[in-house]
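Note that ligands are numbered from 1 as they come in the structure, with each ligand's atoms numbered from 1 the same way.
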Amino acid sequence: MTKLTSQHETTGGIPASAAGGILHIDLDALGANWRTLRDKAGGAETAAVVKANAYGIGIEQAVPALGKAGCRTFFVAHLSEAIRVRAVVPDATIYVLNGLFAGTGPTYAAYGLRPVLGSLEEIEEWAGFCRADGQRRPAAIHVDTGMNRLGLTVPQGLALKDRAELKDFETALLISHFVSAEENDNPLNGEQIEAFEAVRSSLPWIPASLPNSSGIFLRDKPRYNLVRPGYALYGGNPTPDRDNPMKPVVGLEARIVQLRWVEADHTVGYNGRWLALEKRRIATLSVGYADGYPRSASARGKSGEDLLAGMIMVAGHPCPFAGNVSMDLITIDVTAVPEKEIQRGDTVTLIGGDLTIDEVGRRAGTIGYEILTSLGTRYARAYRGGQG
Ligand SMILES: *Cc1c(COP(=O)(O)O)cnc(C)c1O
């Protein structure tokens with residue numbers, strides 16, 4: 001676990017010693033992960049997806065660190081996020097994935113941002129805005145090759161080359177998005193590449209972009225001109241069937257508020273969902289679902305059972321959750337830890353070591369992406385590195 005040495009920020013000016021949870025964010029690992037992905041990208045430009053507050057770790061810290069590593073192009077979901085990115089990287093190229101909302105053209109222009117146009121209506125609106133404005137402003141076009149979420153249909157994409165609106169703005173990028181790139185053997189990957197290739201070759205002058213994190217590692221290597229990793233930058237495993245090639249970026253410690261013994265046949269937590277079969281030692285931590293630690297990691301059953309539920313490292317011992325995760329507290333069974341090894345005020349590891357974001361997600365019945373993007377606002381945040 002990284003130590004609380006360099007810069008640290010705390011919520012409301014409270015020192016880390018008073019915080020219920022301490023989030024360690026390693027910006028050097030973030031930069032190293034970006035370089036690893038760049039080296040895998042086979043000459044394609046490597047962008048960074050920094051939507052959802054840079055997957056929870058903080059746009060204002062992550063984006064400058066990625067810029068120092070060499071990243072020049074950023075993707076966010078919302079216009080408000082793009083404005084935050086612009087404030088810290090004045091010269092970068094910034095795309096907004098969630099499309100052009102009616103009437104927002106002037107804001108894009110004011111901040112030098114690029115919409116990702118995902119329908120003919122959005123293309124018409126951007127073209128109209130550029131005509132009225134007298135400038136061929138850049139935008140990306142999104143073609144849907146299987147997600148059925150955002151983007152032009154493949155037939156619309158194939159017909160695009162004949163549309164007059166394409167003369168009114170700069171078609172800076174053509175993108176599509178994988179459905180299941182983390183599954184190397186899923187036949188949908190090949191079908192999506194084929195559909196994207198058909199549209200791309202009908203618009204050969206537009207630079208193209210397909211892979212997310214996992215897409216960069218696909219056997220087929222569909223790299224085109226630009227790759228768009230997100231999750232892998234933050235330490236998530238882009239190759240779930242193999243060892244994680246990325247460095248961990250996020251660690252989370254929680255503070256023990258109280259230690260107590262619970263007698264046999266007593267329950268722990270709301271609704272009495274966890275039963276101590278014999279006397280057990282319980283530690284209560286000052287982190288809960290209001291901090292983004294999922295309630296679905298609750299341990300419902302009996303002491304000693306092997307439940308698919310939250311785990312935690314306490315003085316080097318893995319300890320299971322006990323009972324429901326509450327809003328502000330988590331209860332864990334620390335009976336296996338020698339009594340003298342822990343005391344009130346100690347910190348324990350919720351994310352770190354073997355408790356990777358992927359593993360924490362699996363234990364909560366979700367994915368590491370959701371663990372990252374839920375990371376709460378009450379933690380003391382300790383950033384290290386990021387100077388290039
Ligand atoms: C979120 C997103 C990405 C990044 O995906 P990861 O799996 O996090 O690498 C890339 N492209 C689009 C369109 C996205 O929405």
Does CG in Asp39 sit with more than 12 non-hydrogen atoms of other residues, nucleotides or ligands closer than 6.0 Å? yes

For Glu305, does the CD atom sit with more than 12 other heavy atoms under 6.0 Å from it, leaving out its own atoms? yes

If you count the atoms of ligand 1 from 1 in the order shown, which ones are under 4.0 Å from a heavy atom of [X]?
| X | answer |
| --- | --- |
| Tyr369 | 6 (P), 7 (O), 8 (O) |
| Tyr231 | 6 (P), 8 (O), 9 (O) |
| Pro229 | 9 (O) |
| Gly230 | 4 (C), 6 (P), 8 (O), 9 (O) |
| Lys51 | 1 (C), 2 (C), 3 (C), 14 (C), 15 (O) |

Tell me whether Asp185 is salt-bridged to Arg219, with the criterion being a basic N under 4.0 Å from an acidic carboxylate O. yes

Residues Arg84 and Glu81 bridged, charged N to O under 4.0 Å: no

I want to know if ligand 1 touches Arg228 in the polar sense, i.e. an N/O pair below 3.5 angstrom. yes

If you measure every N or O of Ile175 against every N or O of ligand 1, does any of those distances drop under 3.5 Å? no

Students often mix this up, so state it plainly: with edges at 30° and 60°, are the rings of Tyr224 and Phe196 parallel, tilted or perpendicular? perpendicular

If we only consider heavy atoms of Tyr55, is any one of them less than 4.0 Å away from an atom in ligand 1? yes

Ala232 to ligand 1, any heavy atom closer than 4.0 Å: no

Measure the shortest side-chain to side-chain distance between Leu30 and Leu233 over non-hydrogen atoms and say whether it is less than 4.5 angstrom. yes

If you have a sec, work out which protein heavy atom is nearest atom 9 (O) of ligand 1 and how many Å separate them, to one decimal? Ser213 OG, 2.5 Å

Protein contact to atom 5 (O) of ligand 1 [nearest heavy atom, distance to 0.1 Å]: Asn212 CB, 3.4 Å

Go through the side-chain N and O atoms of Asp333 and Thr335 and say whether any donor and acceptor fall under 3.5 Å apart. yes

Atom pair CH2/CG of Trp34 and Leu66 - distance to nearest 0.5 Å: 8.5 Å

